[in-house]
J.: 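Sending over a structure as structure tokens; questions will come in a sec.
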Amino acid sequence: MPRPDPHREPRSELRREPRRAHALREAPGGRHDPGVTRWVLHVDLDQFLAAVEQRRHPELAGRPVVVGGNGDPASRTVVATASYEAREFGVHSGMPMRLAARRCPQAVFLPADNPAYEAASEEVMAVLRGFAVVVEVIGWDEAFLQWDGDDPEALAAEVRAEVRARTGLSCATGIGDNTLRAKMATAFAKPGGVHRITAGNWFATFGTEPTGVLHGIGTKTERKLAELCIHTVAQLAESSPTAVGERLGPRMGPYYVSLGRGMGRTEMEATPWVPRSRSRETTFDVNLENWTAVLAEIRVLSARVSGDVEAEGRDVARVGVKVRYAPFLTRTRSLTLPAPTRDPAVLEAAALEVAGWFPHDRPVRLLGVRAEFTPA
DNA sequence: TCTGGGGTCCTAGGACCC
DNA sequence: TCTGGGGTCCTAGGACCC
């Protein structure tokens with residue numbers, strides 16, 4: 001049973017789900033025209049970052065490539081994406097670069113070039129929008145397609161061929177009768193294939209699997225569910241939403257039960273995502289020992305965030321600072337601005353003020369600055 | 001396996017007001 | 001003087017995802 005790769009590129013969609021719990025119920029048809037079925041396709045690019053690098057550096061094709069951080073395998077960063085060749089050596093996303101270098105010293109280590117990946121992602125999304133489908137982008141390398149028709153495998157094959165022809169990139173496609181099942185199907189489709197999961201084979205596929213296989217349930221939640229004697233997907237599906245809610249929260253509890261039942265959305269949202277916040281953070285290869293250095297770094301991060309805010313062209317309502325002390329104790333503080341602004345001087349002053357609230361007396365491993373926008 | 005960077009949303013407690 | 005309940009805002013932390 002392939003467990004989905006826990007780390008891949010940005011832009012989460014999971015946390016948008018609970019709010020829409022009312023919409024999680026199967027659409028009262030999913031069938032608008034008789035004989036035509038609503039399908040969701042989850043298109044997921046294979047080893048995206050590594051593939052983009054291999055595409056622009058053809059000499060890297062077929063070689064182990066590891067993308068992450070600043071590309072220095074000795075630095076305190078982790079692997080963002082490993083090519084399939086590198087995965088053969090046990091290198092995978094989320095692994096410390098140092099360990100990756102030990103497992104696969106002959107790999108080519110490259111720094112993450114986010115603008116390049118954003119551009120490549122846009123190329124792919126443009127191809128997807130060329131089909132008669134509703135496209136919901138959920139990350140650099142992922143999108144849901146909503147489509148009413150009879151042969152989703154045929155559509156998936158067309159999509160894959162077109163993406164390959166127009167961008168040189170390979171993708172896998174999960175097919176489902178909702179977002180969750182499509183997404184979960186993709187794990188079986190990788191790399192480059194197609195797999196279909198619907199209400200008809202949901203429990204046959206996942207019923208006896210641990211709850212942690214579900215997209216949206218991590219190790220912490222899996223453990224809490226186990227304390228309620230809920231171990232498998234089928235057991236979760238049969239659980240009382242209110243009982244689970246008493247333990248895991250009034251929204252999340254019922255949401256988890258719905259996941260066990262394989263529920264998901266059937267309507268995609270094509271309108272572009274509006275970011276809620278922008279943040280920048282840095283982990284230092286050598287911990288910062290003095291507070292003057294900390295404040296200097298806060299200024300640097302604040303300026304980067306201000307640049308992002310300016311590019312976004314929206315006002316900031318709140319400024320937050322994150323401090324991770326050695327060895328790994330993380331604290332966050334934040335402040336609502338007296339009035340929304342995008343003035344870099346005001347944002348910097350706020351970040352410095354918040355930073356001043358933290359204990360000054362321990363080595364600092366990471367600093368971060370975050371700006372939260374006023375609601376659009 | 002000493003654990004990145006960039007995000008989203010939920011939860012819960014306290015402040016404050018009516 | 002003491003008490004209530006509800007609503008909203010602010011804040012810190014937690015969990016999860018790519």
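Note on naming: letters A, B, ... go to the chains in the order of the sequence lines (proteins, then strands), and numbering restarts at 1 for each one. This structure is a prediction, so every number in the text was calculated from the model and none was measured.
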J.: Nearest nucleotide by nearest heavy atom, which residue falls closer to the 5' end of DNA chain B, A:R102 or A:R370?
T.: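 Checking each residue's closest nucleotide, the 5'-ward one belongs to A:R102.
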J.: Check the side chains of A:T186 and A:D44 for a donor-acceptor pair under 3.5 angstrom, ignoring hydrogens and angles.
T.: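 There is no such pair between these side chains.
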J.: When you measure from every atom of DNA chain C, which of residues 300-332 of chain A have a heavy atom less than 4.0 Å away?
T.: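 Listed by number, they are A:R318, A:R331, A:T332.
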J.: Which part of the nucleic acid does A:T221 contact within heavy-atom distance under 4.0 Å: base, sugar-phosphate only, or nothing?
T.: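 The answer is sugar-phosphate, as A:T221 gets under 4.0 Å only of primed atoms, P, OP1 or OP2.
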J.: How long is the line joining CG of A:L248 and C1' of C:dA15, in whole Å?
T.: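 Distance, rounded to whole Å: 11 Å.
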J.: Select one nucleotide: of B:dG7, B:dT3, C:dA12, the one nearest the side-chain heavy atoms of A:R333.
T.: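 Minimum distance to the A:R333 side chain belongs to C:dA12.
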J.: Does the side chain of A:D315 pick up a donor-acceptor pair with the side chain of A:T374 at under 3.5 Å?
T.: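 A:T374 and A:D315 do not have a side-chain donor-acceptor pair below 3.5 Å.
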J.: If you find the nucleotide of DNA chain B closest to A:S277 and the one closest to A:R103, which residue's nucleotide is nearer the 5' end?
T.: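 Nearer the 5' end of the strand: A:R103.
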J.: Let's test this: given Watson-Crick or G-U wobble pairing with both distances under 3.5 Å, identify the partner of B:dG14.
T.: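 Base-paired to C:dC9.
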J.: Using whole Å, report how far CZ of A:R280 lies from P of B:dG4.
T.: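 Computing the A:R280:CZ to B:dG4:P distance gives 17 Å.
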J.: Is the ring pair A:H360/A:W291 parallel, tilted or perpendicular, if the boundaries are 30 and 60 degrees?
T.: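 Judged by the thresholds at 30° and 60°, the geometry between A:H360 and A:W291 is parallel.
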J.: Report whether A:Y84 and A:L110 are members of the same hydrophobic cluster (ILVMFWY, side-chain heavy atoms less than 4.5 Å apart, transitive linking).
T.: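 Per the 4.5 Å side-chain linkage, A:Y84 and A:L110 are not co-clustered.
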J.: Give a yes-or-no answer on whether the side chains of A:S277 and A:R370 include a donor-acceptor pair shorter than 3.5 Å.
T.: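 Looking only at side-chain atoms, A:R370 and A:S277 do not form any donor-acceptor pair under 3.5 Å.
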J.: Look at A:R342 together with A:E312 and state whether they make a salt bridge at an N to O cut-off of under 4.0 Å.
T.: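 Salt bridge absent between A:R342 and A:E312.
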